[in-house]
Protein chains: 2
Amino acid sequence: MSFAERGYEATSLDALAAGLEVRKQTILYWFPSKEALLDAVIDRSAADLTAALETALASAGDGWDRVEAVVRSVFRLAARRPELLGLVREVGRLGPPSATRLTAALEPLVARANDFLRAEMDAGHMRRHEPRLLLLAIYSTVIGMVTEVGVLRAVGEEPTARSLVRRRAELLDLLRSALLVDGGRREGDAGRSG
Amino acid sequence: MSFAERGYEATSLDALAAGLEVRKQTILYWFPSKEALLDAVIDRSAADLTAALETALASAGDGWDRVEAVVRSVFRLAARRPELLGLVREVGRLGPPSATRLTAALEPLVARANDFLRAEMDAGHMRRHEPRLLLLAIYSTVIGMVTEVGVLRAVGEEPTARSLVRRRAELLDLLRSALLVDGGRREGDAGRSG
DNA sequence: GGGCTCACTTACCATATGGTAGACAACCGT
DNA sequence: ACGGTTGTCTACCATATGGTAAGTGAGCCC
């Protein structure tokens, strides 16, 4: 869906319909309004995203493997269905009520990630951080590495498939260094342990 | 400028004019078109951003201090002039030609950052990474930590001033772990200094 | 075959938008 | 005092947009 590429406001129903080789009224027959269409797209995307991550996590091991599985899954989506991640980005920008809908749909994933991170920290595998802020940071980085085509070009990297692989490797490297305890240490020892 | 908040397409000249307590035609008198206005805003924002970072860097020390100075500067901007960073995000999303204009205006900063990172890596202070991709990652994380209000709420953090300080601390912590050699494990080659 | 629903279409509309044309008042140097 | 410039305004306009109303034809059920 080109809501993700051109942006919601910039995408007219006529343009959308033309892309589907259909008249605008056909869209309004299936969806009562443009916003309802967006909601439907959000629901569908959230479901797809959840399914993809769920699948990836199902066959993943423990600990760091799970982080890596999620990242790889997201990058696979970036290659196969870039609109999906673009939509997440776009909806986040639109703010309520659409953003609320999306975050609500993804809340279970967030909660799981939160619990996971906390558990890993408690187990001493990961450095201590505020899990919520850590999630925000990881989210931003991953989405950015995957969707920021403009910035990518600005730093002189063309958004090819090969580049995507490089970015994935780079990102995993960074995350490992940032998160894993045995991937670095030395910081003021974690004061507050639950 | 509310281009940053509501988005370029979603911001009408009338709305803009109303905010300025002026008629739309006054805007079109000073700027020949809406896009010209955007360009002007971009130029101004890029200049302000550059000035802010330049100032921060001028009184910063060496090595990691410089990264920290930049991050602190960006967070200060986030508190004082949130539209500035919002605009960067928005323009990045708009794509060419506006994005090209912005990236061109910020290119000197990018080049400097690139050189800096490479030098730090060569000196063995930072882990080896592709500087360009590293920049992309840092950019995404910083902008995200500062502008992703929706995601912030989604993870259960209210975007207050206090939260901003927490986010800054968290981000600096993460960056230190991720980037610094002595903040992490033994990386293959690069002889670790100090 | 008549009625009915379904998927989709054409016709149309109210509104909002970016932009043009030109009036009008304040201010200027002479 | 006056012609010109400057900044803002009112009056319009062409177009695009989301949405409503009203068909139209294919398939189906009896």
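Chain letters run A, B, ... following the sequence lines, proteins first, then strands; residues in each count from 1.
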Going by atom type alone, with no hydrogens or angles, which donor-acceptor pairs under 3.5 Å involve a side-chain atom of residues 55-63 of chain A and a protein atom two or more places apart or on another chain?
| unit_1 | atom_1 | unit_2 | atom_2 | d |
| --- | --- | --- | --- | --- |
| A/Thr55 | OG1 | A/Ala51 | O | 2.8 |

To the nearest Å, how far apart are [X] [atom1] and [N] [atom2]?
| X | N | atom1 | atom2 | result |
| --- | --- | --- | --- | --- |
| B/Asp14 | C/dT20 | CG | P | 15 Å |
| A/Glu9 | D/dA16 | CD | P | 19 Å |
| A/Arg23 | D/dG18 | CZ | P | 16 Å |
| A/Lys24 | C/dC8 | NZ | C1' | 14 Å |
| B/Leu13 | D/dT8 | CG | C1' | 16 Å |

So which protein nitrogen or oxygen atoms get under 3.5 Å of nucleotides 23-26 of chain D's nitrogens or oxygens?
none

Between [Y] and [X], does any NZ, NE, NH1 or NH2 come within less than 4.0 Å of an OD or OE carboxylate oxygen?
| X | Y | result |
| --- | --- | --- |
| A/Arg166 | A/Glu157 | yes |
| A/Asp48 | A/Arg44 | yes |
| A/Asp173 | A/Arg176 | yes |

Exercise for review: Tell me, please, which residues at least two apart from A/Thr141 pass side-chain hydrogen bond (donor to acceptor under 3.5 Å, both in side chains).
Suggested key: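 Here the qualifying residues are B/Thr141.
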Practice item. Any pair with a residue in residues 92-109 of chain B that passes side-chain hydrogen bond (donor to acceptor under 3.5 Å, both in side chains), sequence neighbours left out, goes on the list, sorted by first then second residue, please. Key: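 Checked against side-chain hydrogen bond (donor to acceptor under 3.5 Å, both in side chains) - neighbours excluded - the pairs reaching residues 92-109 of chain B are A/Glu90-B/Arg93, B/Glu9-B/Arg93, B/Asp43-B/Arg101, B/Glu90-B/Arg93.
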Let me check something: any side-chain donor-acceptor pairs from residues 19-29 of chain B under 3.5 Å, sequence neighbours excluded? List them with distances.
| unit_1 | atom_1 | unit_2 | atom_2 | d |
| --- | --- | --- | --- | --- |
| B/Thr26 | OG1 | B/Arg23 | O | 3.4 |

Exercise for review: Give, ordered by number, those residues of residues 25-43 of chain A having at least one heavy-atom distance below 4.0 Å to an atom of DNA chain D; if nothing qualifies, reply none.
Suggested key: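 Only A/Gln25, A/Leu28, A/Ser33, A/Lys34 qualify.
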**Study point:** Under-4.0 Å side-chain N/O to phosphate OP1/OP2 contact, B/Ser12 with C/dA16
**Key:**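 No.
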Check your understanding: Given A/Ser45, which of A/Thr50, A/Leu85, A/Leu106, A/Leu87 fulfils the side-chain contact (heavy atoms from CB on, under 4.5 Å) condition?
Key ->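 Result: among A/Thr50, A/Leu85, A/Leu106, A/Leu87, A/Leu87 is the only option passing the side-chain contact (heavy atoms from CB on, under 4.5 Å) with A/Ser45.
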